[in-house]
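Order of the sequence lines sets the chain letters (A, B, ...), proteins ahead of strands, with each chain counted from 1.
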Amino acid sequence: MSRYNAREVEAKWQSTWETNQTFETRTDLSRPKYYVLEMFPYPSGNIHIGHVRNYTMGDVVARFKRARGFNVLHPMGWDAFGLPAENAARDKKIHPAEWTYANIANMRKELKSMGLSLDWSKELATCHPGYYGKQQQLFLDFLDKELVYRKESWVNWDPVDMTVLANEQVIDGKGWRSGALVEKRKLNQWMFRISDYSEELLDGLKDLDRWPDRVRLMQENWIGKSSGARVNFKITDTPDHLEIYTTRPDTLYGASFMAVAADHPLTQKLAIDNPKVAEFVAECHRMGTSEEAIEKAEKKGVDTGLTTDHPFIEGKKLPIYVANFVLMDYGTGAIFGCPGHDQRDFEFATKYGLQINRVVAGPDGETGPLTEGPYIGPGEIINSEFLNGLDVEAAKKAAISKLETLEIGSETINYRLRDWGLSRQRYWGCPIPVVHCEACGTVPEKPENLPIELPEDVTFDKPGNPLDHHPTWKNTKCPSCGKDAIRETDTMDTFVDSSWYFARFCSPRSDAAVTREDVDYWLPVDQYIGGIEHAILHLLYSRFFSRAMKVTGAVGYDEPFAGLFTQGMVTHETYRSESGEWLLPQDVITNDAGDPVHIETGEKVVIGGVEKMSKSKKNVVDPAEIIDKFGADAARWFVLSDSPPDRDMEWTDAGATGAWRFKQRLYRFVVENLDKSAAINSEAPTEFSDAALSLRRETHKTLASVTDSIEKLHFNTAIARIYEFMKALGDFKCSGTDGAWALREAMETMTALVGPMMPHLAEELWEMLGHTTILADSPWPTVITDLTVDNTVTIAVQVKGKLRATIEVAKDEDKAKVEELALADESVKRAIADAPIRKVIVVPNRIVNIVI
RNA sequence: GCCCCUGUGGCGGAAUUGGUAGACGCGACAGAUUCAAAAUCUGUUGUCCAUAGGGCGUGCCUGUUCGAGUCAGGCCAGGGGCACCA
C-alpha cells in the first residue's frame with residue numbers, strides 16, 4: 001500500500017514554487033487584480049495556531065483567485081516595533097533589534113513550512129529604517145497639511161510601561177499591556193486630527209458592504225455621533241459666558257443647576273483663590289478611572305458661588321457647581337443639570353437639595369412631581385411656556401430655533417471620537433522627525449535627513465525613555481537656524497506603523513513612501529482577514545490614514561479595505577493535575593482504562609473547559625509540532641474544516657487525525673486508480689453509460705458548489721462537499737472508455753478543488769496525473785452547467801404538513817401529474833384515509849402538501 | 001444602563017433563504033481483515049413507542065402560513081461592544 005510522505009512532498013513543492021518564483025507579482029494594468037491580505041503578525045518568536053488559521057484562510061482565497069485568473073497580491077511582513085522587544089532587552093540583555101530580527105527569521109521559516117502562496121520578495125518589517133524612514137516622510141507631509149499637531153494635554157500615563165497610552169489603549173482604567181492603573185498627566189503630545197474626520201469615517205461605513213455588520217456597528221458606536229445644541233449661559237453679573245453641550249434642549253425649562261468639569265478652564269481659574277474648589281479638583285484627579293471606581297463613585301460637587309442666568313426664564317439663576325461626573329473631553333466640559341429627566345442630574349440634585357422640575361409628562365399623561373427617579377422617555381412637554389404641548393423631538397427643534405434667534409446657542413453635532421495621541425516615550429518605535437529649537441520652536445526635520453535612525457547603543461536599565469537617556473542622540477542642529485537644538489525623543493505609537501503597511505506592500509522598496517501608480521492599481525485591499533480584536537483601533541486608524549494620505553496626494557482612495565473578514569479564535573481543552581497545576585496537552589495521554597493521565601507522573605488529569613489558547617493555562621499546541629506530525633496540508637485542512645471561519649474552533653488531535661486520514665485516502669485513491677483512468681488530454685467520448693454520467697454529474701455539481709462556497713469564504717461547507725465527492729469517487733465502478741474518461745475528469749477536478757487548501761498534496765497528484773505544469777499556475781476547472789441539473793427530482797409529499805413519502809418525478813413535471821403521483825402513493829393514501837381532501841399545494845420540483 | 005450577536009444530536013456543525021431538519025466531520029457501537037494490535041474497509045448512530053409503521057423533536061411561550069430552524073411579538077440563557085458621553 002502506498003503511503004504519502006508529507007514531509008518530503010511538502011519540502012519538494014515549497015522549493016519548486018520558490019525556484020520558479022511562482023507567487024511573485026507585479027503591477028500589470030492589463031490584468032484584473034486581487035489583493036488578499038492577512039493582518040501582519042507581531043514577531044513574538046513563534047507562530048501560533050491562530051496565525052495558522054488566519055494565514056490558511058488568506059492563502060485559500062489567494063490561490064483560488066489566482067486560479068480564477070486574477071493577478072493576485074499576497075504579501076507578508078512584520079509589525080515589528082513595540083514594547084516586548086524592550087522588555088526582552090531589559091530582561092535578557094539582548095538588543096531589541098537583534099531579538100526582533102531573530103524572531104522574524106524563525107517565524108518566516110515557520111510560515112514557509114505552511115506552504116503559503118506569499119510573495120516573499122515584498123516582505124517588509126516596520127522596524128527597518130527603509131520602512132520607518134518613509135513613515136517619517138508621511139509624518140512631515142501630514143504636518144505640512146496640518147493633519148498632525150502638538151498640544152499640551154491631559155494624557156493617560158501608564159506608570160509601569162512609563163509611557164502614554166491612547167484612550168483606545170486604556171481598558172477599564174488600566175493599561176492594555178501592563179494592566180497597571182492609568183494616571184492622568186499633562187504632557188506635550190503629538191496628535192493626529194482624526195476627530196476632524198468623524199463624519200467621513202462614520203459615513204464611509206455605509207459603503208463597506210463587504211465588512212461584517214458588527215464591526216461597522218462597533219466603529220459607529222466608537223465614533224459616537226450625537227446631535228444636540230451648544231448653549232451659552234450668561235454668568236450672572238459678569239460679561240462672561242459658560243458654554244454647554246446638551247442633547248436635550250427640550251428640557252431647558254427643567255434646568256436647576258449648572259456643572260463644569262474639574263479640568264474646565266473656569267474651574268481652574270476659580271481654583272486659584274478658592275481653596276474648596278482647589279481641594280475638590282485634587283480629589284477628582286485622585287479618583288480612579290476603573291469601571292468599579294466609576295460605578296461606586298458618588299455624584300459629588302462643590303458650589304462655586306457663581307450662577308448663570310436662565311436663557312428663557314427672566315430672573316431665574318442657576319448655581320454653578322464643579323462636578324465629578326462631568327468630563328472635560330466630551331462636549332464643552334460643562335452641562336446644565338435637569339434632574340427631572342437625567343439619571344446623574346437626579347442623583348446630584350437629591351444629594352445637594354436642588355430643585356427637581358418636571359417638564360415632560362409621563363406615558364399616561366402624569367404631570368406630578370418626580371420623587372422616585374428621573375423620567376427619560378418620550379412625552380408631552382409641560383411647564384415650559386412656548387414648548388408646552390410639543391413632543392420631545394418637536395420641542396428640541398423649537399428650543400434650538402429660539403436659541404438661534406436669541407443668538408445664544410445653535411444646533412450642534414457632537415462626536416465621542418477624540419484626536420489620536422501618537423507620542424510614546426519608548427525606544428523601539430519610529431522616531432518623530434522633529435527638532436526643538438530654543439529660537440525657532442518646534443521645527444520639522446529636513447526630508448533629506450530622513451530616515452532619522454534609532455541609535456544602536458542604548459541601555460534599558462533605567463526606567464523611562466532610553467532615547468532621552470542616550471548621551472548624544474538627541475543633540476542636533478536646528479534644521480531652520482542651524483543652532484544647537486534638541487531632537488524629539490518620543491517615538492510613534494505602533495498603530496501608526498500598521499496604518500499604512502498595506503499601501504507600502506505595493507512597492508516596498510520605493511523611494512517614496514508609496515508609489516501612486518502601484519497603489520492606484522492594487523488598492524483597496526479586496527479581502528482583508530484578521531482577528532475581531534482589531535475591529536476598532538487598527539481598522540479605524542487605517543481608515544483615517546487613507547484619508548490623510550489622500551489629502552497629501554499619496555493615494556487616491558478613501559477606504560483601504562473593501563472586504564473584511566474577521567476570523568474566530570482557536571480554542572483547546574484545558575488540563576490540570578490533581579494538585580491544580582495547568583498541564584500542556586502534549587503531556588496528557590489517555591491510559592488503558594480510558595482516563596486522562598499525566599505522561600510523566602501517571603497522575604490523574606482533570607479536564608477543564610474549552611478555552612481560548614493562552615500561555616497561562618497552557619492549553620496551547622505548537623504549529624511547528626503539528627506540521628511535523630500531520631503535515632502542513634492536514635493542519636491547513638483541519639483548521640478550515642471543522643467550524644465556520646468566523647466562529648471559534650476547537651483544536652483537537654482527533655480532528656487533525658481526521659484531516660490526515662482524508663489526505664491519505666485521496667492520495668491512495670489516485671495511486672490505485674490512475675491506470676484505470678483515461679490518458680491525459682484524451683478526447684471525450686460522445687456517449688456515457690449511466691454510471692459514468694452519474695459520476696460526471698457529481699463532479700460538476702461538486703465543482704459548482706465548492707466554487708461558490710470558497711467565493712463566500714464558507715470553507716467548512718466546501719470541505720464537507722469534497723468529502724461527499726470523495727465518497728462518490730470511491731463508489732464508482734469504472735468500466736469502458738467512457739468510465740475511464742469520467743474517472744480522469746473526476747480525479748483532475750478533485751485535485752484542483754483541494755488545491756487551495758492542501759496545495760502540496762494537490763501539486764503531487766497533479767504531477768502523478770501526468771501534468772508538466774504547476775497546479776498553482778493552472779486555471780480553475782470550468783463547470784458544465786448542463787451536468788449540474790438533474791432530469792428527475794425527488795419531491796417530498798406532506799399530508800397536513802407532515803412528511804409521508806417522497807416521489808421521483810421528471811424535472812418540471814406538470815403540476816397535475818405530480819399531484820396524481822403523490823395521491824397514488826401508498827403511505828400518502830394511508831395518511832389521508834377517508835378524510836376529504838380540502839386543498840393540494842404543489843410547489844414545482846420541491847414539495848406537495850395535501851391539506852385534509 | 002445602552003447597543004449588538006448567538007442558541008439545532010454525545011460534540012463541531014449543514015439546511016437551496018419559508019418547502020424532506022440533522023449533510024459532512026469527530027466520537028461511540030457492531031462487523032470484516034489480522035496470531036494480535038495499529039492501520040484500513042463495511043454498517044449503525046436525534047429521541048420515544050415499536051412489527052410494518054408511528055409519536056415527539058431546532059432554548060421557552062404565543063402568533064402568521066397549506067407548510068416555520070428560517071418570519072413577527074414576548075420571555076430565558078450565553079457571548080460581545082460601549083459606558084458618569086450630558
Side-chain angles (χ1 to χ4, degrees), chain A residues 1 3 172 212-222 224-226 228 244-248 251 259 261 287 289 291 293-295 297-299 323-327 329-338 341-345 347-348 376 414-418 532 535-536 571 610 637-638 641-644 646-650 652-659 661-662 664-665 668 705 708 714 716-727 730 794-807 827 830-831 838-852:
Chain A
M1 192 195 295
R3 243 172 184 252
D172 286 350
D213 287 342
R214 90 177 151 138
V215 175
R216 291 197 283 180
L217 199 71
M218 282 162 76
Q219 294 219 350
E220 195 180 312
N221 291 339
W222 190 264
K225 183 178 182 173
S226 74
I244 62 98
Y245 172 75
T246 180
T247 56
R248 294 297 302 272
T251 63
M287 194 181 77
T289 49
E291 190 179 354
I294 285 167
E295 230 156 64
E298 204 182 352
K299 307 283 173 285
N324 64 352
F325 65 92
V326 181
L327 307 172
D329 44 13
Y330 184 78
T332 62
I335 61 160
F336 81 82
C338 178
H341 305 285
D342 182 278
Q343 183 64 41
R344 291 150 306 175
D345 296 351
E347 286 173 38
F348 192 80
I376 315 291
N414 199 56
Y415 301 91
R416 213 186 66 100
L417 184 65
R418 277 162 259 154
I532 186 73
I536 299 171
T571 62
V610 175
W637 186 258
F638 175 55
S641 68
D642 226 31
S643 299
D646 52 344
R647 278 200 226 170
D648 290 353
M649 68 160 291
E650 186 190 348
T652 61
D653 255 30
T657 308
R661 262 202 303 262
F662 175 73
Q664 296 294 339
R665 207 164 123 212
R668 208 169 45 238
S705 149
D708 185 56
H714 295 171
N716 56 325
T717 52
I719 284 177
R721 200 70 189 75
I722 290 172
Y723 273 114
E724 286 186 82
F725 186 36
M726 188 68 231
K727 199 178 274 178
T794 308
I795 287 189
V797 183
Q798 296 179 336
V799 177
K800 263 171 73 185
K802 280 195 166 47
L803 181 75
R804 295 299 168 184
T806 57
I807 52 173
S827 307
R830 195 168 45 236
R838 290 200 288 161
K839 200 170 168 189
V840 178
I841 289 146
V842 181
V843 182
N845 302 325
R846 281 277 148 77
I847 204 162
V848 175
N849 193 4
I850 298 157
V851 190
I852 53 173

Using modelled atom types and a 3.5 Å cut-off, is there a donor and acceptor pairing between side-chain atoms of A:T571 and backbone atoms of A:M649?
yes

Phosphate contact (B:A39 OP1 or OP2) by A:R668 side-chain N/O below 4.0 Å
no

Distance, rounded to the nearest Å, where A:K802 contributes NZ and B:C66 contributes C1'
13 Å

Considering only the C1' atoms, how many Å lie between B:U44 and B:G9, rounded to the nearest integer?
15 Å

Quick one: which of B:G19, B:C84, B:C66 gets closest to the side chain of A:N324?
B:C84

For a quick test of reading the model: is some side-chain N or O of A:R661 closer than 4.0 Å to OP1 or OP2 of B:C26?
yes

Listed nucleotide nearest any side-chain atom of A:L327, set B:G53, B:C66, B:C85:
B:C85

Let me know the distance between CG of A:L417 and C1' of B:G81, rounded to the nearest Å.
16 Å

Has the side chain of A:N221 got a donor or acceptor that lies under 3.5 Å from a partner of the other kind on the base of B:C82?
no

For residues A:D342 and A:I335, determine if any side-chain heavy atom of one lies less than 4.5 Å from a side-chain heavy atom of the other.
no

Between B:C66, B:U20, B:A86, which nucleotide gets closest to the side-chain atoms of A:V851?
B:C66

Selected nucleotide, minimal atom distance to A:T717 side chain, candidates B:C24, B:A15, B:A86:
B:A15

B:U70, syn or anti by chi within 90 degrees of zero
anti

What about A:R846: does its side chain form a donor-acceptor pair under 3.5 Å with the base of B:U16?
yes

Inter-nucleotide P distance (B:U70, B:A52), Å rounded
32 Å

Please report the distance separating the P of B:G63 from the corresponding atom of B:G57, rounded so that it comes out in whole Å.
15 Å

Base, sugar-phosphate or nothing for A:R804? Non-hydrogen atoms, less than 4.0 Å.
sugar-phosphate

OG1 on A:T806 to CD1 on A:I847, rounded to 0.5 Å:
11.0 Å

Rounded to the nearest 0.5 angstrom, the CD1-CZ distance for A:I852 and A:R838 is 9.0 Å

Between A:R668 and A:R665, is there a side-chain heavy-atom distance shorter than 4.5 Å?
yes

Within the structure shown, what part of the strands sits under 4.0 Å from A:V326 by heavy-atom distance: base, sugar-phosphate, or nothing?
base

Starting at atom CZ of A:R665, determine the distance to atom C1' of B:U42, rounded to an integer number of angstrom.
12 Å

Would you indicate what A:R721 reaches in the nucleic acid, counting non-hydrogen atoms under 4.0 angstrom: base, sugar-phosphate, or nothing?
nothing

Rounding to the closest angstrom, what is the interatomic distance between B:G67 and B:A86 at atom P?
47 Å

Could you state the atom-to-atom distance from NZ of A:K225 to P of B:C2 in whole Å?
23 Å

Sort out the partner of B:U70 for me: Watson-Crick or G-U wobble, both distances under 3.5 Å, none otherwise.
none

Inter-nucleotide P distance (B:G1, B:G69), Å rounded
33 Å

Taking atom OG of A:S226 and atom CZ of A:R416, what is their separation to the nearest 0.5 Å?
11.0 Å

The side chain of A:E724 is closest to which nucleotide in this list: B:U20, B:G27, B:C24?
B:C24

Nearest to the side chain of A:L217, heavy atoms from C-beta on, is which of B:A86, B:C3, B:G54?
B:C3

Between B:G59 and B:U6 - P atom distance, rounded Å:
13 Å

Enumerate, atom names and distances included, each donor-acceptor pair closer than 3.5 Å involving a side-chain atom of residues 797-804 of chain A, sequence neighbours excluded.
none

With syn meaning chi within 90° of zero and anything else anti, the base of B:G9 is syn

Considering heavy-atom distances to RNA chain B, does A:T794 or A:I841 have its closest nucleotide positioned more toward the 5' end?
A:T794

Checking N1-N3 plus N6-O4 or O6-N4 for Watson-Crick, or N1-O2 and O6-N3 for wobble, each under 3.5 Å, the partner of B:G22 is none

Identify the pairs formed between an N or O of the protein and an N or O of nucleotides 8-12 of chain B at a distance under 3.5 Å, and give each distance.
{"residue": "B:G12", "atom": "O2'", "partner": "A:D642", "partner atom": "O", "Å": "3.0"}
{"residue": "B:G12", "atom": "O2'", "partner": "A:S643", "partner atom": "OG", "Å": "2.7"}

Between B:G78 and B:C26 - P atom distance, rounded Å
33 Å

Please pick, from B:C84, B:C82, B:G25, the nucleotide with the shortest atom-to-atom distance to any side-chain atom of A:F325.
B:C84

Indicate, with a heavy-atom threshold strictly under 4.0 Å, whether A:S827 touches base, sugar-phosphate, or nothing.
nothing

I want to confirm an ordering. Mapping A:V843 and A:G658 to their closest nucleotides on RNA chain B, which one lands closer to the 5' end?
A:V843

Answer with base, sugar-phosphate or nothing: what part of the nucleic acid does A:G331 contact at a heavy-atom distance below 4.0 Å?
nothing

Counting distance alone, no hydrogens or angles: does the base of B:C84 have a donor or acceptor under 3.5 Å from a partner atom on the side chain of A:K299?
yes

Euclidean distance, atom CZ of residue A:R344 to atom P of B:C84 [Å, nearest integer]
9 Å

When both hydrogen-bonding distances must be under 3.5 Å and the geometry is Watson-Crick or G-U wobble, what is B:U33 paired with, if anything?
none

Under 4.0 angstrom, heavy atoms only, what part of the nucleic acid is A:Y723 near: base, sugar-phosphate, or nothing?
sugar-phosphate

Counting only Watson-Crick pairs (N1-N3 plus N6-O4 or O6-N4) and G-U wobbles (N1-O2, O6-N3), all under 3.5 Å, who is the partner of B:C85?
none

With A:F348, which residues qualify under ring pair (Phe, Tyr, Trp, His ring centres under 6.0 Å), at least two apart?
A:F257, A:Y321, A:F325, A:Y352

What is the distance from CD1 of A:I335 to P of B:C84, rounded to the nearest Å?
14 Å

For the pair made of CG in A:D646 and P in B:G13, what is the distance, rounded to whole Å?
10 Å

With a non-hydrogen cut-off below 4.0 angstrom, is A:K800 in contact with a base, only sugar-phosphate, or nothing?
nothing

Evaluate the ring planes of A:Y330 and A:Y245, with Trp represented by its six-membered ring, and classify them as parallel (under 30°), tilted (30 to 60°) or perpendicular (over 60°).
perpendicular

Is there a Watson-Crick or G-U wobble partner for B:C56 with both distances under 3.5 Å, and which nucleotide is it?
B:G46

Measure the CG-CZ distance between A:N221 and A:R214 for me, rounded to the nearest 0.5 Å.
13.0 Å

P atom, B:U58 versus B:C11: distance in rounded Å?
15 Å

Under 4.0 Å: is that the gap between some side-chain N or O of A:Y330 and OP1 or OP2 of B:A86?
yes

Straight-line distance of A:T717 OG1 to A:I722 CD1, nearest 0.5 Å:
10.0 Å

On the nucleotide B:A14, are OP1 or OP2 found under 4.0 Å from the side-chain N or O atoms that A:N716 carries?
yes

Any idea which of B:G80, B:G54, B:C66 is nearest the A:R830 side chain?
B:G54

Figure out the CD1/C1' separation between A:I536 and B:C82, and round it to whole Å.
8 Å

N or O in side chain of A:R418 less than 4.0 angstrom from B:C85 OP1/OP2:
no

Min side-chain heavy-atom separation A:I719-A:F662 under 4.5 Å
no

